[in-house]
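A, B, ... follow the sequence lines: proteins, then strands. Residue 1 opens every chain. In this text, all values refer to a predicted model and were calculated from it rather than measured experimentally.
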Amino acid sequence: MVDTTTSPERYDPETVEVKWQRRWDERRTNAADLEGARRPYFNLMMFPYPSAEGLHVGNVFAFVGSDVHGRFRRLQGWNVFEPIGFDAFGIHSENYALKVNTHPAELIPRNIVRFREQLQRIGLMFDWGHEVQTTDPRYYKWTQWIFLQLFRSGLAVKKEAPVNWCPECKTVLANEQVINGMCERHPDTAVTQRFLEQWFFRITEFTERLLEHLQRIDWSESTRLMQTNWIGRSEGADLVFRTESGTPIRVFTTRPDTVFGATYMVLAPEHPLVEDLTTDAQRAEVEAYRQHAASMDLVSRRVGDKEKTGVFTGAYCVNPATEERVPIWIADYVLMEYGTGAIMAVPAHDERDYAFALEFDLEIRQVVRPPHGAEVDAPAPRPDVPPLYTGWDGTMVHSGTFDGMAPQDAVRAITEWLESKDAASRQVQYRLHDWCISRQRYWGPPIPVIYCDRCGTVPVPESDLPVVLPPLEDFRPDESGVSPLARAKEWYQAPCPACGGDARRETDVSDTFLDSAWYYLRYPSTGCDDRPFDPALTKKWLPVDSYIGGNEHAVLHLMYSRFITMALHDLGHLDFEEPFTRFRAHGMIVKDGAKMSKSRGNVVIPDEYIAKWGADTFRMYLMFLGPYQEGGDFRDEGISGIRRFLDKVWGLVNVATFEGGEITAPTMRKLHQTIRGVAEDLEDLRYNTAISKLMEYVNVLRGRGSDDSAVPDVCTELLEPLVIMLAPLAPHFAEECWERLRHETSVFDASWPAFEASLAEEDQIELVVQVNGKVRGRVLVPAGIGQQAAVDRALQVESVRRFVEDKPLRKTIFVENRLVNLVV
RNA sequence: GCCCGGGUGGCGGAAUGGGCAGACGCAAGGGACUUAAAAUCCCUAGGGAGGUAACUCCCGUGUGGGUUCGAAUCCCACCCCGGGCACCA
């Protein structure tokens, strides 16, 4: 029997891990041969933002899961490249720097040092020779270069636009950074609206492709869904309503079938036609409302189900279907950014229009009669108005010649009819907006543009890149809406690249999401100084084979990365359009069922667990917590089980016999079932079940469950596959075991054990016998037994006979190698 | 409000092209070893009822219905938890 207390040596993680990390360094085990690799596999994980708090257990969970995948692929014979870097530019770093009153240029390198140490301690298969830092001028030189490419091709444009302004961050935010009208980084701070000149990337040019590719890339379903919703495609038509003076007003609708019910029109308060339309009698009231709407922050403006407000302009236009005069109103429930900024209001069939019409006593005319007995969306509040009905079932009424049609058919028929009158055109609208990349902050790459009074907006020549961020003692943002860089006079005063005259640099920096939208392209080419990515290396290694990260980046980072890749493809810099062939979103680690947060005080710091248990035990425990793609609940108590498991393997390895012992058929069978099961599980990132299969196998090797309780000596033939399968999860431990099994090379240069189906097959199976669907007995039968033989055997079982008695069998259900069900 | 994901022992979680519910692990109880404890090893274990006993029966996967020889798994309605979107016409 193996007694680990008296055996010559106990498993000491500290010793083992230090030893193997050193040896990996010396042997350059984790460095990929980028030029020579024959089966390149780019295993990418989302690079971290190096916070002052250090690595969080959620980061460790994410990294380890990705590392397990990379190591598994390597054992399968791929040349795996697993790089890492740091995303240290941007608002989160700068805000923290402001909080602790330390310059980010001083803070960030310190944080990176700590992060690097922590990452190294976990034993990830990183190729440290290709580290990138977004704050390094050698990196952001190329971030600026990307801006220039987009600028030249017209994909980067400057325009005045209503933008999200966070009073706390004192900068503009992308729509994606506004959560419920609140700043992503300051959940208590309402985002307000400002009109500013900003740089935009025209991501909306790519909407259809971004959407269409989603159907064929191998990504987590949840992530694709979030992107689809974010893009928000709606099909419909633009209809033209003309004012009495003949001015056309276009409205977008997804329900052209309901045009006969359009009893009024609403324009967004900012709509450019409002000025002209408004009658003198209404002007004062309209002006007051417009001012009110403009001053309002986007929260109260945007948050739904609030009281509807609005003002009549005094003007009318003609409904092209009914040719009736309908009043034109303005109301803030119509948004200028979506569609045409104007709507035809069909109160009987749209929830918002219904509420508005009731509020201002406008006509509500039903044009779709709900099917008999159908549920309506809101009952009529008064007998003289119809109920609200937004459904697609029913029949058209009060719609002229279209009466009696189904709404779906009426959409087509009415659109065609209006098209023939030049009053309609089919239209697709998207929710996605252009990406505002300007930030009035300090800690980011300066946007490489120079403004000249004579030449206008001039891009910085590529040969002048990088535009280095100047050291600035006071980097605090202020209310002005202008970047702190506007205080660096010597810096922003620059000669115009075109005419050489006095000119001024752009003082805004770019969004941190631009830094991270292309870092994976840089990894293989970090040694390349004259271009952002080397063509040969890029061809060999990209697109990324496996990308793993959190779903919190589903619509920000992942969308922007796809856009940048597509844009660079179209400009001839890349030969692929999608950056990540396979993406999997990992789950979240919670503590006691709740999200970890500093305010709750339930944040798990990984360091102390690693110090106590070792990296391998901690890695494996995190992978054992729950399904990787769902996350799990972190509990201190569970970790000892993993350690006990490793101790058992250690015990077996240290008494291994090398002469080749006898292997029984059941043991061999278990081995091959394990090889098959573990490979399948690792393939699908089901690490928790892979681990439990390894545990089962070890229990068999140790003879648990058999009569003889002594642990048998086990031959290397049974242990080597185990050690290899364990290696992705517990790499240092596996290396040590591998060496003790008398190997001189790394276990990661071994190959994944071969599965042999014939050895995994059971020759005898336990057949479940049911009577009327209830389990009444079990019989041991040869595998592959036929139905008749199975029924005969089943009927011999005493407990079965008791229920069958002498009743005739009405029916027999037979599932091969599983069960028979006797129905009497 | 809309769109996803989920609800299984004391706990984390297994098992879904319908077929032995609770694998694996934690915690727990009993035993072995020990002067003792820790560690280790072995055994037990969803709940309930009956039996001296090997054992037998009933109930059981959020709730209520349904389909089926058979449902954690499929269908309908609902409740709760997590995430995303939210005046997007």
Side-chain angles (χ1 to χ4, degrees), chain A residues 1-6 10 179-181 221-222 225-226 228-230 232-234 236 251-255 258 266 301-306 308 331-335 337-346 349-353 355-356 377 429-433 551-552 554-555 587-588 590 593-595 621 624-627 629-642 644-645 647-648 651 686 688-696 699 702 704 709-711 766-775 777-778 799 802 810-815 818-824:
Chain A
M1 185 186 278
V2 178
D3 177 355
T4 48
T5 50
T6 57
R10 284 195 63 161
I179 314 291
N180 257 336
E221 182 67 36
S222 56
L225 214 99
M226 281 163 79
T228 306
N229 292 340
W230 190 261
R233 184 182 199 276
S234 303
V251 299
F252 173 72
T253 178
T254 54
R255 293 293 301 262
T258 63
V266 188
R301 174 75 192 268
R302 285 239 174 110
V303 166
D305 58 72
K306 61 160 185 125
K308 293 283 180 287
D332 67 359
Y333 80 92
V334 174
L335 310 172
E337 311 91 81
Y338 186 77
T340 60
I343 60 155
M344 65 171 197
V346 185
H349 305 291
D350 180 278
E351 199 182 331
R352 298 147 300 180
D353 299 342
F356 191 81
D377 298 277
Q429 283 292 339
Y430 304 93
R431 228 189 56 119
L432 185 73
H433 289 86
N551 242 349
E552 67 273 18
V555 286
M588 201 178 19
V590 299
K595 206 168 173 169
Y621 175 59
F624 189 60
L625 277 181
Q629 296 182 65
E630 285 164 38
D633 200 308
F634 189 93
R635 272 160 206 284
D636 290 10
E637 309 89 64
I639 199 165
S640 58
I642 296 291
R644 284 204 269 262
F645 167 72
D647 280 337
K648 287 170 189 170
R686 291 192 305 257
N688 56 334
T689 50
I691 293 170
S692 64
K693 286 182 176 86
L694 291 171
M695 287 172 166
E696 281 185 53
N699 286 340
R702 301 179 73 248
R704 200 170 88 168
S709 63
V711 174
E766 199 180 55
L767 197 70
V768 171
V769 183
Q770 296 183 335
V771 179
N772 292 338
K774 289 198 178 203
V775 180
R778 303 182 166 96
S799 57
R802 197 149 14 100
R810 287 203 289 125
K811 196 173 174 184
T812 314
I813 282 98
F814 175 69
V815 183
R818 261 184 216 273
L819 64 75
V820 280
N821 185 9
L822 308 171
V823 186
V824 294

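- Regarding contacts with the backbone of B/A14, a side-chain N or O of A/Asn688 is found under 4.0 angstrom from either OP1 or OP2.
- Minimum atom distance to the side chain of A/Trp230 is reached by B/A86, of the listed B/C24, B/A86, B/G19.
- Closest to the A/Thr253 side chain, of the nucleotides B/A89, B/C69, B/A27, is B/A89.
- Taking the six-membered ring where the residue is Trp, A/Tyr333 and A/Phe356 present tilted rings, their angle falling between 30° and 60°.
- A gap of 14 Å separates the C1' atoms of B/C59 and B/G9, to the nearest Å.
- When the side-chain nitrogen and oxygen atoms of A/Arg635 are compared with OP1 and OP2 of B/A27, none of them lie within a distance under 4.0 Å.
- One finds a side-chain N or O of A/Ser234 lying less than 4.0 angstrom from the OP1 or OP2 phosphate oxygen of B/A89.
- The A/Val334 side chain lies nearest to B/A89 when the options are B/A27, B/A89, B/G25.
- If you find the closest nucleotide of RNA chain B to A/Thr340 and to A/Leu625, the one lying nearer the 5' end belongs to A/Leu625.
- Listed candidates were B/C41, B/C87, B/C24. Nearest to the side chain of A/Lys648 is B/C41.
- The side chain of A/Lys595 places no N or O atom within less than 4.0 Å of a non-bridging phosphate oxygen (OP1 or OP2) of B/C81.
- Using atom C1' as the reference point in both B/A32 and B/G46, the two lie 28 Å apart (nearest Å).
- Which of B/C4, B/A89, B/C59 sits closest to the side chain of A/Leu225 comes down to B/C4.
- For the pair A/Asp350 and A/Met588, nearest-nucleotide mapping onto RNA chain B gives the more 5' position to A/Met588.
- For A/Lys693 against B/C24, no side-chain N or O and base N or O form a donor-acceptor pair under 3.5 Å.
- Comparing the same atom, C1', in B/G6 and in B/A14 gives a spacing of 16 Å after rounding to whole Å.
- When the C1' atom is used for both B/U44 and B/A38, the distance is 23 Å, rounded to whole Å.
- Looking at heavy-atom distances under 4.0 Å, A/Ser640 makes contact with sugar-phosphate atoms alone, never a base.
- Side-chain proximity of A/Pro627 to the nucleotides B/A14, B/C59, B/A27 is greatest for B/A14.
- Note on A/Arg431: a side-chain N or O is less than 4.0 Å away from OP1 or OP2 of B/A86.
- Here the side chain of A/Val775 is nearest to one of B/G12, B/G19, B/A21, namely B/A21.
- When distances run from any side-chain atom of A/Tyr338 to the nucleotides B/A89, B/A15, B/G12, the shortest one goes to B/A89.
- Among B/G13, B/G19, B/C24, the nucleotide with an atom closest to any side-chain atom of A/Asn699 is B/C24.
- Base pairing of B/U63 is made with B/A77, judged by Watson-Crick or G-U wobble geometry with both donor-acceptor distances under 3.5 Å.
- Taking atom P in both B/C80 and B/C87, the straight-line distance is 24 Å, to the nearest Å.
- The side chain to side chain contact (heavy atoms under 4.5 Å, CB included) with A/Val823 is formed by just one residue from the set A/Val771, A/Ile813, A/Thr812; it is A/Ile813.
- A distance of about 13 Å separates the P atoms of B/A15 and B/C20, rounded to the whole Å.
- Of the nucleotides present, B/G48 is the one that pairs with B/C57 by Watson-Crick or G-U wobble criteria, both distances under 3.5 Å.
- A sub-4.0 Å separation between OP1 or OP2 of B/A39 and a side-chain N or O of A/Arg10 is absent.
- The phosphate of B/A27 (OP1 or OP2) has a side-chain N or O of A/Arg644 nearer than 4.0 angstrom.
- For A/Gln770 and B/G19, a side-chain-to-base donor-acceptor distance below 3.5 Å is present, hydrogens and geometry of angles not being considered.
- In this structure, of B/C24, B/G12, B/A14, it is B/G12 that holds the atom nearest to the side chain of A/Asp633.
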